[in-house]
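Here the structure comes first, spelled out in structure tokens, and everything after it is commentary.
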2 protein chains.
Amino acid sequence: MTTATLARNGGQATLTVSELAHRTGVAPSAIRFYEKHRLVVSERTAGNQRRFYEAEECIVKIIRVAQRVGLSIAEIRELMADLPERRRITVDDWCVLRRALESEVRARLQALHAALDDLTSDQRLCEIPPTTTHRARH
Amino acid sequence: MTTATLARNGGQATLTVSELAHRTGVAPSAIRFYEKHRLVVSERTAGNQRRFYEAEECIVKIIRVAQRVGLSIAEIRELMADLPERRRITVDDWCVLRRALESEVRARLQALHAALDDLTSDQRLCEIPPTTTHRARH
DNA sequence: GTAGGAGTTAAACAAATGTTGAAGTCAAGG
DNA sequence: CCTTGACTTCAACATTTGTTTAACTCCTAC
């Protein structure tokens, strides 16, 4: 019934902000920014330092992909709203996110192609008016 | 040898900023912004008012599509740098732009899919570690 | 115990893409 | 002539997505 999680450190939050930054190629300031906006989650040490779960590496990478798709921070937060607790995330959860992103890409791509079609099919815009000739007059 | 242009007003610039705004669904302030950044071009009346060529309607629509593709103002300016004078624009020119945009979309889409593939194939990230089980334990 | 390196917060700054507002100009109608 | 509506410019403001900086804390090593 249970689904295995992806923990590698006994499920403890062990990554520092700079470790996570290095793994993801994202600046620490950006990671703190994402945390402030509740895209990223961390525990705190006794000395008030952040410690991230391993899963956060994938979270951050997904954030960057989602941004390239065109999602805002708020939309990415929505996208991830249904994730379970960090220690309980499984491969299935990543796959769900991936499918959601792919579906978003497809939708945007379709809208984009429709817009491009409009551009070149709109009579008043880009078609040759009836009386003029295109590539005429050898 | 020559290619017919798309002029409808004797090739004169006749559109006011609010007419162009209405035709394109873009705010006048945005159109002035685009002009300041040399994406959009206009003539001036004796009284210093802008007058746009018909072609500008398509230009503005292309700008909006290009933004959705993810191009910045500077990149869009580059994209349009090779256009001829406004009065000499032909259907061919729109088609060239369209193909350039489509090609850009394809490139970005491919990079995006590669990134998504990375996400779910990266061993350290999203694969189940060898010792744990996925959806096991009936 | 003290010096260094890494972390912390809050606030200021930055770049991109516009929007809004104030103050002025112009042309048309009454 | 005078009002009205659409235009002009310029500057200030707004939003998003971060980065930079200053002042402070914490842990480790000497």
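Residue numbering restarts at 1 for every chain, and letters A, B, ... go by the order of the sequence lines. Since the model is a prediction, treat every value here as computed from it, not as a measurement.
For B/Glu43, the salt bridge (charged side-chain N to carboxylate O under 4.0 Å, His left out) criterion is met by no residue, not counting sequence neighbours. In this view, A/Val105 and A/Val69, B/Leu109, B/Leu112 satisfy the side chain to side chain contact (heavy atoms under 4.5 Å, CB included) rule, not counting sequence neighbours. Partners of B/Arg86 by salt bridge (charged side-chain N to carboxylate O under 4.0 Å, His left out), not counting sequence neighbours, listed by chain and number: B/Glu56. With sequence neighbours left out, A/Ala115 forms a side chain to side chain contact (heavy atoms under 4.5 Å, CB included) with B/Val65, B/Arg68. Here B/Glu78 pairs with nothing under the salt bridge (charged side-chain N to carboxylate O under 4.0 Å, His left out) rule; sequence neighbours left out. Remark: A/Glu19 pairs with no residue by the salt bridge (charged side-chain N to carboxylate O under 4.0 Å, His left out) rule, at least two apart or across chains. When the side chain to side chain contact (heavy atoms under 4.5 Å, CB included) test is applied to B/Thr14, the partners found at least two apart in sequence or on another chain are B/Asn9, B/Gln12, B/Glu54.
Contact between the side-chain N/O atoms of A/Thr16 and the OP1/OP2 oxygens of C/dG7 is found at a separation under 4.0 Å.
Using a 4.0 Å cutoff on non-hydrogen atoms, the parts of residues 38-52 of chain A near DNA chain C are A/Arg44, A/Asn48, A/Gln49, A/Arg50, ordered by number. Near DNA chain C, defined here as any heavy-atom distance below 4.0 Å, there are no residues from residues 68-79 of chain A.
Within the structure, ring-ring contact (aromatic ring centres under 6.0 Å, His included) pairs that include any residue of residues 37-60 of chain B comprise B/Phe33-B/His37 (at least two apart or interchain).
Ionic pairing of B/Glu102 and B/Arg99 is not present here: no N-O contact between side-chain nitrogen and carboxylate oxygen is shorter than 4.0 angstrom.
On the nucleic acid side, DNA chain D contacts chain B at distances under 4.0 Å to non-hydrogen atoms, with the end points of that region at D/dC7 to D/dT9.
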A/Val26 vs A/Lys61, side-chain contact (heavy atoms from CB on, under 4.5 Å): CA-CA, chis, key distance, verdict: CA-CA 9 Å; A/Val26 166; A/Lys61 290 181 175 178; over 6 Å; no
Stepwise side chain to side chain donor-acceptor pair (under 3.5 Å) check, B/Gln49 with B/Thr16: CA-CA 8 Å; B/Gln49 294 194 358; B/Thr16 67; over 6 Å; no
B/Ile31 vs B/Thr24, side-chain contact (heavy atoms from CB on, under 4.5 Å): CA-CA, chis, key distance, verdict: CA-CA 10 Å; B/Ile31 290 176; B/Thr24 57; 4.2 Å; yes
Test log, rule side chain to side chain donor-acceptor pair (under 3.5 Å), inputs B/Arg77 and B/Tyr34: CA-CA 10 Å; B/Arg77 189 168 47 236; B/Tyr34 297 147; over 6 Å; no
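Summarising the geometry, the separation between CZ on A/Arg32 and C1' on C/dG7 is reported as 7 Å, rounded to the nearest angstrom.
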Hey, what are the protein-to-nucleotides 19-24 of chain C N/O distances that come in under 3.5 Å?
{"unit_1": "C/dT19", "atom_1": "OP2", "unit_2": "B/Ser29", "atom_2": "OG", "d": "2.3"}
{"unit_1": "C/dT19", "atom_1": "OP2", "unit_2": "B/Ala30", "atom_2": "N", "d": "3.2"}

